[in-house]
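Report on the following structure.
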Amino acid sequence: MKKIVVVIPAKKKSNRLKNKNILPIKGEPMFLYLAKEIKKSKKIDEIIISSDCKKIEKLSLANSFKFIKRPKRLTYENAEKQDVVVHAIKKIYKNSQKPKIVISLQPNSPELKYKDLEKALVFFEKKLFPGAKIKELISINKNKIQNAAFRIMTYKTVFQKTLSTKIGVYVKNLIDIHNFEEYVNAKKNIEKKNK
């Protein structure tokens, strides 16, 4: 049974930073660098890449990641990331056993390490008090602002139309890349840590 599944929404177009998801980090396209990092986790059962880009599709499949073609309606700037996650989960698990936990992982947060995701999962799966568990967990920075690096959800939460009642947070300073300066800073941080 697939228990924990990661969906990486990596669309082709970006208005603020051209080709953002395939910009190189340590010689790898950004989305692939992050996918390979997260694949190191023994907790993750499957990683799904959702994209409308042929290059991303080719690289995903060549590196043994599951790929789902994103429909045109989910490629526009106003498309919600959550709708992309819903589409991927519905398509992949339509006729098979549903995952217990779904993680939406933003490809433009390449500083994220698999160990941070594992720590967040430990907190997510913890019982707060008898009969109560977190249904959704989001990543925030030290200033208590959501950095959108990842969102952990129960399977049922993926499809809900309202805000979760039991939400948790994981604090980690990560650059959310939207412009060239943020890309350069994140790239420097990663290369400095890996020396």
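- The shortest non-hydrogen separation linking Pro110 to Ile25 is CG-CD1, 4.1 Å.
- Scanning all heavy atoms of the two residues, the minimum distance from Pro24 to Lys187 falls at O-CE, 3.3 Å.
- The backbone N or O of Thr162 lies less than 3.5 Å from a partner atom in the side chain of Gln160, making a donor-acceptor pair.
- There is a side-chain donor-acceptor pair under 3.5 Å between Gln106 and Asn108.
- Enclosure of atom NZ in Lys43 by more than 12 non-hydrogen atoms of other residues, nucleotides or ligands within 6.0 angstrom is indicated.
- Proximity of Val5 to Ile48: side-chain heavy atoms (C-beta onward) are separated by under 4.5 Å at one or more points.
- Although no hydrogens or angles enter the test, the distance criterion places a donor-acceptor pair under 3.5 Å between the side chain of Asn141 and the main chain of Asn143.
- Not one N or O on the side chain of Glu125 forms a donor-acceptor pair closer than 3.5 Å with the backbone of Val122.
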Practice task
Begin with the C-alpha distance, continue with both residues' side-chain angles, and end with the deciding distance and a verdict on side chain to side chain contact (heavy atoms under 4.5 Å, CB included) for Ile47 and Lys66.
Solution key: CA-CA 6 Å; Ile47 297 173; Lys66 196 161 260 194; over 6 Å; no
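- Contact annotation: the side chain of His178 approaches that of Lys20 to within less than 4.5 Å [non-hydrogen atoms, C-beta and beyond].
- Counting heavy atoms from C-beta outward, Pro107 and Met30 have side chains that stay 4.5 Å or more apart.
- When every heavy atom of Ile152 is checked against every heavy atom of Ile103, the shortest pair comes out as CG1-CG1, 4.0 Å.
- Expressed to the nearest 0.5 Å, how far OG of Ser109 lies from CG of Asp176 amounts to 4.5 Å.
- Judged by distance alone, the side chain of Asn147 and the main-chain N or O of Lys172 form a donor-acceptor pair under 3.5 Å.
- A distance of 6.5 Å separates CD1 of Ile4 from CG of Asp45, quoted to the nearest 0.5 Å.
- Among Leu121, Ile140, Asp116, the one residue that satisfies the side-chain contact (heavy atoms from CB on, under 4.5 Å) test with Tyr170 is Asp116.
- If you take CG on Leu137 and NZ on Lys166, they are separated by 14.5 Å, rounding to the nearest 0.5 Å.
- Residues Thr75 and Asp52 bring no donor and acceptor atom of their side chains to less than 3.5 Å of each other.
- The side-chain heavy atoms of Ile49 and Ile68, taken from C-beta on, include no pair separated by under 4.5 Å.
- Remark: side-chain polar atoms of Ser51 are not paired, donor with acceptor, to backbone N or O of Ile56 under 3.5 angstrom.
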Practice task
Please step through side chain to side chain contact (heavy atoms under 4.5 Å, CB included) for the pair Leu59 and Lys55, ending with a clear verdict.
Solution key: CA-CA 6 Å; Leu59 287 165; Lys55 183 174 184 173; 4.0 Å; yes
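- With sequence neighbours left out, Leu34 forms a side-chain contact (heavy atoms from CB on, under 4.5 Å) with Ile38, Leu105, Leu112.
- Residues Arg73 and His87 meet the side-chain proximity criterion, which asks for heavy atoms closer than 4.5 Å.
- Checking side-chain atoms of Glu57 against main-chain N and O of Cys53 turns up no donor-acceptor pair under 3.5 Å.
- Note: the hydrophobic cluster containing Val85 also contains Tyr155 (ILVMFWY, side chain heavy atoms under 4.5 Å, direct or indirect links).
- Hydrophobic cluster membership for Leu74: Val84 (Ile, Leu, Val, Met, Phe, Trp, Tyr linked by side-chain heavy atoms under 4.5 Å, directly or transitively).
- The cluster map of Ile, Leu, Val, Met, Phe, Trp and Tyr, joined by side-chain heavy atoms under 4.5 Å apart, puts Ile8 and Leu61 in the same cluster.
- Side-chain N or O atoms of Asn21 include none that pairs as donor or acceptor with a backbone N or O of Phe31 at under 3.5 Å.
- Atom CD of Glu37 and atom NZ of Lys26 lie 9.5 Å apart (nearest 0.5 Å).
- Residues Tyr114 and Glu118 form a side-chain contact, since some pair of their non-hydrogen atoms from C-beta on lies under 4.5 Å apart.
- Around atom CD of Glu181, no more than 12 heavy atoms belonging to other residues, nucleotides or ligands sit under 6.0 Å away.
- A distance of 4.5 Å separates CZ in Arg151 from CD in Glu136, rounded to the nearest 0.5 Å.
- In the hydrophobic cluster analysis, where Ile, Leu, Val, Met, Phe, Trp and Tyr join through side-chain heavy atoms closer than 4.5 angstrom, Ile175 is grouped together with Tyr33.
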Practice task
Please step through side chain to side chain contact (heavy atoms under 4.5 Å, CB included) for the pair Lys135 and Thr165, ending with a clear verdict.
Solution key: CA-CA 8 Å; Lys135 293 180 183 175; Thr165 52; 3.8 Å; yes
Practice task
Show the numbers, then the answer: is there a side chain to side chain contact (heavy atoms under 4.5 Å, CB included) between Lys11 and Arg70?
Solution key: CA-CA 8 Å; Lys11 70 178 181 175; Arg70 191 184 300 198; 3.4 Å; yes
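- In the hydrophobic clustering of ILVMFWY residues, with side-chain heavy atoms under 4.5 Å counting as a link, Ile134 and Ile167 come out apart.
- Residue Val102 is grouped with residue Phe159 when hydrophobic side chains (ILVMFWY) are merged at heavy-atom distances under 4.5 angstrom, including chains of intermediate members.
- At distances below 3.5 Å, not a single donor-acceptor pair connects side-chain atoms of Glu46 with backbone N or O atoms of Val6.
- The CD1 atom of Ile145 sits 11.5 Å away from the CG atom of Asn173 when rounded to the nearest 0.5 Å.
- No donor-acceptor pair closer than 3.5 Å links the side chain of Ser104 to the backbone N or O of Phe150.
- Under the 6.0 Å distance and 45° angle rule, Lys39 counts as a cation-pi partner of Phe65.
- Formation of a donor-acceptor pair under 3.5 Å by the Ser60 side chain with backbone atoms of Phe67 is not found in this model.
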